[in-house]
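What you see is a predicted model; the values in this text were computed from it and never measured. Ligands are counted one by one from 1 in listed order, and the atoms in each one are counted from 1 as well. Hydrogens, waters and symmetry mates are skipped; everything else that's a heavy atom, side chains included, is used.
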Amino acid sequence: MPRPILATIDLAAMRHNLAQARARAGRRRVWAIVKANAYGHGIERAVRAFADADGLGLLDLAEAQRARDAGWRKPILLLEGIFEPADLALVDALRLTAVVHGFEQIEMLERHRPAQPIDVYLKLNTGMNRLGFGAADTPRALARLEALPHVRVVSLMTHFANAERDDARFGRAAPAEQLRAFEALAESWRGERCLANSAALFLQPSIGGDAVRPGIALYGATPDATVSAASLGLRAAMTLRSRLIGVQQLQAGDAVGYGSHFVAPRPMRIGVVACGYADGYPRHAPNGTPVAVDGVRVGTVGRVSMDMLCVDLTDLPAARVGSEVELWGSRVPVDEVASAAGTVGYQLLCALAQRVPVVEV
Ligand SMILES: *Cc1c(COP(=O)(O)O)cnc(C)c1O
């Protein structure tokens, strides 16, 4: 009998979330972002669930290959572009659209003469200060690319540092300021614009453009901890379940787990769940992090260990070894677990461990 932990991926929820994104996108094209193994959900599943998207966005050539092998025929956007000249052969072979964010990539394109033209998205740095050309370099970058007969610059793009909220305290990285910087750089540009991630798409309707790039929302988690995924019309795609494998009766003053981070204030029953940080559950989850046992929400007690964590069964006298536990999913939003542990749903979904078996529903 295998260890009783299992992640289920709900393809219908992924389709539903894509439809929600599309409704918000209006006439804009939708790139479904599937980097990091589709945020832990599996590239091949994403290929099926997001069949209605206009394209897939990712950044790993091996994942692009997997998407093509799984039958994806529509465009694939390579979000960080190429890393070395040898990558251009795969961009050709897999017919990828490549982001260009730096002069090193332009040099590689200048030296390469592929059989077919390569479609390029030029990435502008409008205030996030991660990747992209700034005000001083954009005209030169665009001119050099447009001089290449084998390169077609089809879109300008940028990425928002704070798309969830337009707040002046973000200074030049406030969405309105980034948008202003983008429009200044794109003033004479007649092609497309690609702007919105999930937060911009769901929370900043004034951020327009011709194409959007939602990621996290497609998996049913929130792009902003102050807004629940459910209130955005999203459904959890991944549910992580396990079972109780032990029950302990504690006396007042008894401690639980490594470091004795929880001390029972009174006699209580606790359950031991077959899920730990080696499964991707956050070790920093504090006492009281929500968990559902037999469908009822209770809280964790004690430090999460590699293979186990403990939960308070005081309100669940019927719970016993074998009782079902939902760590996150439709009853316990991954965003609540993440928030308790000081992180974001993105990280928990992406970090689902290899050792956890995954099935589709
Ligand atoms: C990851 C990523 C996205 C998607 O972001 P979400 O917050 O998951 O919607 C969009 N654009 C770029 C460039 C990205 O790297």
Side-chain angles (χ1 to χ4, degrees), residues 14 17-18 20-22 24-25 28-41 43 46 49-50 53-61 63-64 67 75-83 96-102 105 120-133 154-165 173 175 178-179 182 192-205 207-227 229 232-234 236-238 334-335 338 343-351:
M14 291 165 76
N17 296 333
L18 177 65
Q20 295 291 309
R22 191 170 284 292
R24 304 246 183 186
R28 293 174 286 178
R29 280 179 304 110
V30 178
W31 291 102
I33 304 302
V34 300
K35 61 193 179 187
N37 196 29
Y39 292 52
H41 295 67
I43 294 287
F50 301 151
D54 298 297
L56 298 181
L58 44 74
L59 42 78
D60 186 320
L61 285 163
E63 291 189 341
I76 296 179
L77 181 61
L78 205 51
L79 292 167
E80 295 179 354
I82 53 171
F83 302 99
L96 307 181
T97 302
V99 167
V100 171
H101 63 75
Q105 292 175 324
V120 155
Y121 270 44
L122 187 67
K123 182 156 186 173
L124 308 186
N125 172 24
T126 56
M128 187 165 183
N129 294 316
R130 212 172 47 174
L131 299 180
F133 297 98
V154 294
S155 185
L156 299 187
M157 69 181 280
T158 197
H159 196 53
F160 291 94
N162 303 290
E164 65 282 0
R165 212 164 292 107
Q178 283 199 249
L179 206 51
F182 182 83
E192 296 190 356
R193 293 158 161 73
C194 179
L195 299 172
N197 58 4
S198 296
L201 178 60
F202 282 77
L203 302 169
Q204 300 278 333
I207 293 174
D210 303 291
V212 298
R213 306 186 306 271
I216 193 70
L218 303 181
Y219 307 97
T222 186
D224 173 27
T226 68
V227 180
L232 298 175
L234 303 171
M238 181 193 293
V334 70
D335 299 311
T343 183
V344 288
Y346 296 76
Q347 189 184 15
L348 302 191
L349 297 176
C350 292

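- A salt bridge links Arg22 with Asp54: the closest approach of a Lys/Arg side-chain nitrogen to an acidic carboxylate oxygen falls below 4.0 angstrom.
- Applying the ring-ring contact (aromatic ring centres under 6.0 Å, His included) test between Phe50 and each of Tyr39, Tyr219, Trp31 identifies Tyr219 as the sole match.
- Looking at Arg213, Lys35, Met128, Arg130 and measuring to atom 13 (C) of ligand 1, the nearest heavy atom belongs to Arg213.
- Looking only at atom types and distance, the side chain of Ser155 has no donor-acceptor partner in the side chain of Glu192 under 3.5 Å away.
- At a 4.0 Å heavy-atom cut-off, ligand 1 touches His159 through the side chain alone.
- Of the polar atoms of Ile216, at least one N or O is found under 3.5 Å from an N or O of ligand 1, judged by distance alone.
- Not a single heavy atom of Pro223 lies less than 4.0 angstrom from ligand 1.
- The ligand atoms of ligand 1 that sit less than 4.0 angstrom from a heavy atom of Pro214 are 9 (O).
- Between Tyr39 and ligand 1 there is a heavy-atom distance shorter than 4.0 Å.
- Counting only N and O atoms by type, the side chains of His159 and Arg213 include a donor and acceptor under 3.5 Å apart.
- Listed here is the closest heavy atom pair of Gly127 and Ala173: O-CB, 3.7 Å.
- Remark: ligand 1 and Gly215 share an N or O pair separated by less than 3.5 Å (distance only, no angle test).
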Determine, step by step, whether Leu77 and Leu79 satisfy the side-chain contact (heavy atoms from CB on, under 4.5 Å) criterion, reporting the C-alpha distance in whole Å, the side-chain angles of both residues, the deciding distance to 0.1 Å, and the verdict. CA-CA 6 Å; Leu77 181 61; Leu79 292 167; 3.9 Å; yes

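- Between Lys123 and ligand 1, no N or O atom pair is found at a separation short of 3.5 Å.
- Of all the heavy atoms of Ser198, the ones lying under 4.0 Å from any atom of ligand 1 are found in both the backbone and the side chain.
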